[in-house]
S.K.: 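This is the structure I want to talk about, given as structure tokens.
Note that the coordinates shown come from a computational prediction; the quantities given were computed from them, not determined experimentally. Order of listing sets the numbers, starting from 1, for every ligand and every atom in it.
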Amino acid sequence: MKILLAGGAGYIGSHTSAALLESGHDVVVLDNYDNSSPEAIKRVEKLTGKPVSLYEADATDSKAVFDIMNKEKPDCVIHFAGLKAVGESIKQPLRYYRNNIDTTLTLLECMEKTGCKKIVFSSSATVYGEENPAPCNEEMRKGSCTNPYGWTKSMMEQILQDAAVADPRLTVILLRYFNPIGAHPSGQIGENPRGIPNNLMPYITQVAVGKREKLTVFGGDYDTPDGTCLRDYIHIMDLADGHVKAVEFSQNHKGVEIINLGTGQPYSVLDMVNTFQKENNIRVPYEIGPRRGGDLPVVYADAGKAEKLLGWKAKRNLADMCRDSWRWQKNNPNGYDGLEIEK
Ligand code: NAD
Ligand code: UFG
């Protein structure tokens, strides 16, 4: 199959590109490099020995997207293109709504015009909101999000579901990711945050490499076994394999499917720090600080539906995630070409 990855040069897109190529699919990437670098795709080509059709384009630019889709005629679109920083979305809600919703509408319109009927969407566990206790399963009603980023995901799910009602030939797979971490085992591609990382693993690796003095653990007084929050961390290579399965599943399926991509196994912030230190034999200085607003104490997946429907199950464990994250950081202390800008 030929797959168009909108936002495909980013963290999840680059690993998914590699996994799709390794599975024998053709890959077309469209990205405006707002939060990524074409270097990631060059490395994917080198790793796999296979070419990617790469386009610098904005997924809100109808003409550019139409031209690419009309030329490439993909069998399926994976929609990764979006802004994803929770804190930034609180400060710049309009930018988040404009970009994230607009990319979704533009892709759907261009799919309609060019006859593409399959779309896989990067959603998030955040749409379960505060109301749904872990483990989250796909039957639960969506909840209230704690920030504009989360609301864009919730709204985009609705838009995609409405589009599928209006066009019964459409297949929509909403993948709800839990916490993707880790990197390709080669250490050649990985997460490349710009500025100060918002997420736990890139912060840990930057402390370990000496770029930051210490980690602040956000809250040590939650009602959890060690007082820190529990999350469902999933290896990026497992997540990438989940996309390959979803794309292949979409071929013989119509309508909407919501599917969690998680492991079903929660770990605490201190589990992460301790495993990282042990596996990599390196110290990560930390202190317990105040809670971060909007954090839920416990979030993890019921991962049963993905196994049943896609035959997919996460295979890598927390030690693999910690080792692979560190290999990427150690080999690339400044990410791709030292591109990060300190904010
Ligand atoms: P990322 O920032 O590395 O990748 C997103 C890519 O989209 C970037 O390459 C960026 O340049 C591109 N992009 C953004 N706006 C664009 C536009 N208008 N036109 C073209 N390209 C555009 O992030 P990621 O971690 O790879 O996440 C991919 C998707 O998965 C995002 O939609 C994100 O919200 C979602 N998601 C991520 C996580 C996570 O923890 N990483 C969790 C849940 C959901
Ligand atoms: N944490 C720290 N210190 C840090 C960073 C994070 O203690 O410097 C803690 C957080 O408080 C949380 C855990 O580490 O308990 C994980 O935090 P992340 O920011 O890595 O991930 P979140 O679970 O907050 O958010 C992730 C994605 C969002 C998505 C959300 C859905 O980043 O995009 O999951 O649950 F919306």
S.K.: If we check side chain to side chain contact (heavy atoms under 4.5 Å, CB included) with Tyr203, which of these qualifies: Thr216, Val284, Leu215?
M.R.: Leu215

S.K.: For ligand 2 and Lys84, I'd like to know whether there is a polar contact (N/O to N/O, distance under 3.5 Å).
M.R.: no

S.K.: Does the side chain of Asn100 pick up a donor-acceptor pair with the side chain of Thr152 at under 3.5 Å?
M.R.: yes

S.K.: Looking at Asp26 and Lys50, is there a salt bridge between them, counting it only when a charged N and a carboxylate O are closer than 4.0 Å?
M.R.: no

S.K.: Heavy-atom pairs closer than 4.0 Å: do any link ligand 1 to the side chain of Tyr33, the backbone, both, or neither?
M.R.: backbone

S.K.: Between Asn332 and Arg43, do the side chains contain an N or O donor and an N or O acceptor separated by less than 3.5 Å?
M.R.: yes

S.K.: Tell me which protein heavy atom sits closest to atom 40 (O) of ligand 1, plus the residue, atom name and distance to 0.1 Å.
M.R.: Pro180 CD, 3.3 Å

S.K.: Taking non-hydrogen atoms only, is Lys153 closer than 4.0 angstrom to ligand 1 via side chain, backbone, both or neither?
M.R.: side chain

S.K.: Name the closest protein heavy atom to atom 17 (C) of ligand 1, giving the residue it belongs to and the distance to 0.1 Å.
M.R.: Asn32 ND2, 3.3 Å

S.K.: Report yes or no: do Gln265 and Tyr233 form a side-chain donor-acceptor pair below 3.5 Å?
M.R.: no

S.K.: When you measure from atom 2 (O) of ligand 1 to every protein heavy atom, which one gives the shortest distance, and what is it?
M.R.: Asn35 ND2, 2.7 Å

S.K.: Look at atom 31 (C) of ligand 1 and find which of Tyr11, Tyr233, Phe80 reaches it with the closest heavy atom.
M.R.: Phe80

S.K.: Is there a polar contact between ligand 1 and Thr103, counting only N or O atoms under 3.5 Å apart?
M.R.: no

S.K.: Under 3.5 Å, N or O to N or O, is Leu30 touching ligand 1 that way?
M.R.: no

S.K.: Out of Asp102, Leu107, Asp31, who gets a non-hydrogen atom closest to atom 9 (O) of ligand 1?
M.R.: Asp31

S.K.: Backbone or side chain, does any N or O of Leu83 fall under 3.5 Å from an N or O of ligand 1?
M.R.: no

S.K.: Polar-atom distance check: Thr60 versus ligand 1, any N or O pair below 3.5 Å?
M.R.: no

S.K.: Verify salt bridge (Lys or Arg N to Asp or Glu O under 4.0 Å) between Arg316 and Asp238, making sure each step is shown before the conclusion.
M.R.: CA-CA 7 Å; Arg316 285 102 172 156; Asp238 281 326; 2.6 Å; yes

S.K.: Give the numbers and elements of all ligand 2 atoms closer than 4.0 Å to a heavy atom of Phe218.
M.R.: 1 (N), 2 (C), 3 (N), 4 (C), 5 (C), 6 (C), 7 (O), 8 (O), 11 (O)

S.K.: Same hydrophobic cluster for Leu175 and Leu107, using side-chain heavy-atom links shorter than 4.5 Å among ILVMFWY?
M.R.: no

S.K.: Around atom 19 (N) of ligand 1, find the nearest protein heavy atom and jot down its residue, atom name and distance.
M.R.: Ala59 N, 2.8 Å

S.K.: Within a distance under 4.0 Å of any heavy atom of Asp58, pick out the atoms of ligand 1 and give their elements.
M.R.: 17 (C), 18 (N), 19 (N)

S.K.: What residue and heavy atom of the protein are closest to atom 33 (O) of ligand 2, and at what distance?
M.R.: Tyr149 CE2, 3.4 Å

S.K.: Regarding atom 41 (N) of ligand 1: of the candidates Lys84, His79, His15, which has the closest heavy atom?
M.R.: Lys84

S.K.: Just heavy atoms, cut-off under 4.0 Å: does Asn179 contact ligand 2 by side chain, backbone, both, or neither?
M.R.: side chain

S.K.: Would you kindly say whether Ser144 and Glu130 are connected by a side-chain donor-acceptor distance under 3.5 Å?
M.R.: no

S.K.: Using a 4.0 Å heavy-atom cut-off, which part of Thr228 comes near ligand 2: side chain, backbone, both, or neither?
M.R.: neither

S.K.: Enumerate the atoms of ligand 2 whose separation from the nearest heavy atom of Asn198 is less than 4.0 angstrom.
M.R.: 5 (C), 19 (O)

S.K.: Under a 3.5 Å threshold, yes or no: a donor from one side chain and an acceptor from the other, between His184 and Asp324?
M.R.: no

S.K.: What protein heavy atom sits nearest atom 14 (C) of ligand 1, and how far away is it?
M.R.: Gly82 N, 3.4 Å

S.K.: Does ligand 1 have any atom that is closer than 4.0 Å to a heavy atom of Ala57?
M.R.: yes

S.K.: Indicate yes or no: does Arg95 engage Glu88 in a salt bridge with an N to O separation below 4.0 Å.
M.R.: yes

S.K.: Once the angle between the rings of Tyr96 and Tyr149 is folded into 0 to 90°, is it parallel (under 30°), tilted (30 to 60°) or perpendicular (over 60°)?
M.R.: perpendicular

S.K.: Less than 4.0 Å between a side-chain N and a carboxylate O, is that true for Glu131 and Lys142?
M.R.: no

S.K.: Atoms of ligand 1 less than 4.0 Å from Ser122 heavy atoms?
M.R.: 29 (C), 30 (O), 32 (O), 35 (C)

S.K.: What orientation do Phe276 and Trp326 show, parallel under 30°, tilted 30 to 60°, or perpendicular over 60°?
M.R.: perpendicular

S.K.: Do we see a donor-acceptor contact under 3.5 Å between the side chains of Asp226 and Ser268?
M.R.: yes

S.K.: Considering heavy atoms of the protein only, find what lies nearest to atom 34 (O) of ligand 1 and give residue, atom and distance to 0.1 Å.
M.R.: Tyr149 OH, 2.9 Å

S.K.: To the nearest 0.5 Å, tell me how far Lys245 NZ sits from Trp312 CH2.
M.R.: 11.0 Å

S.K.: N/O to N/O below 3.5 Å, does that happen between Arg231 and ligand 2?
M.R.: yes

S.K.: What atoms of ligand 1 come closer than 4.0 angstrom to any heavy atom of Gly10?
M.R.: 3 (O), 4 (O), 9 (O), 26 (O)

S.K.: Hey, which atoms in ligand 2 end up nearer than 4.0 Å to a heavy atom of Asp295?
M.R.: 10 (C), 11 (O), 24 (O)

S.K.: Kindly confirm or rule out an N or O of Ser36 lying under 3.5 angstrom from an N or O of ligand 1.
M.R.: yes

S.K.: Taking atom types as modelled, find out whether Thr171 and Lys118 have a side-chain donor-acceptor pair closer than 3.5 angstrom.
M.R.: yes

S.K.: State the atoms of ligand 2, each with its element, that fall below the 4.0 Å cut-off from a heavy-atom position in Val217.
M.R.: 7 (O)

S.K.: Counting each atom of ligand 2 from 1 as listed, which ones have a heavy atom of Cys229 under 4.0 Å away?
M.R.: 15 (O)

S.K.: Is any side-chain heavy atom of Asn32 less than 4.5 Å from a side-chain heavy atom of Glu56?
M.R.: no

S.K.: When you compare the side chains of Arg176 and Tyr128, does any donor N or O come within less than 3.5 Å of an acceptor on the partner?
M.R.: yes

S.K.: Using a 4.0 Å cutoff against the non-hydrogen atoms of Asp34, which atoms of ligand 1 qualify?
M.R.: 11 (O)

S.K.: Quick one: does ligand 2 sit under 4.0 Å from the side chain of Val269, the backbone, both or neither, non-hydrogen atoms only?
M.R.: side chain

S.K.: Can you find an N or O of Asn99 that's nearer than 3.5 Å to an N or O of ligand 1?
M.R.: yes

S.K.: Flag the pair His243 / Phe80 as yes when their ring centroid distance falls below 6.0 Å, and as no otherwise.
M.R.: yes

S.K.: To which protein heavy atom is atom 6 (C) of ligand 1 closest, and what is the distance rounded to 0.1 Å?
M.R.: Gly7 O, 3.4 Å

S.K.: Checking side chain to side chain contact (heavy atoms under 4.5 Å, CB included) between Thr205 and each of Gln329, Glu191, Lys211, which is the one that passes?
M.R.: Gln329

S.K.: May I ask you to check whether His79 and Ser122 show a side-chain donor-acceptor distance below 3.5 Å?
M.R.: no

S.K.: Between Leu5, Ile12, Ile234, which one has a non-hydrogen atom sitting closest to atom 26 (O) of ligand 1?
M.R.: Ile12

S.K.: Can you find a non-hydrogen atom of Ser123 under 4.0 Å from ligand 1?
M.R.: yes

S.K.: Taking 4.0 Å as the limit for heavy-atom contacts, which would you say applies to Tyr233 with ligand 2: side chain only, backbone only, both, or neither?
M.R.: side chain

S.K.: What atoms of ligand 2 come within less than 4.0 Å of a heavy atom belonging to Ser124?
M.R.: 29 (C), 31 (C), 36 (F)

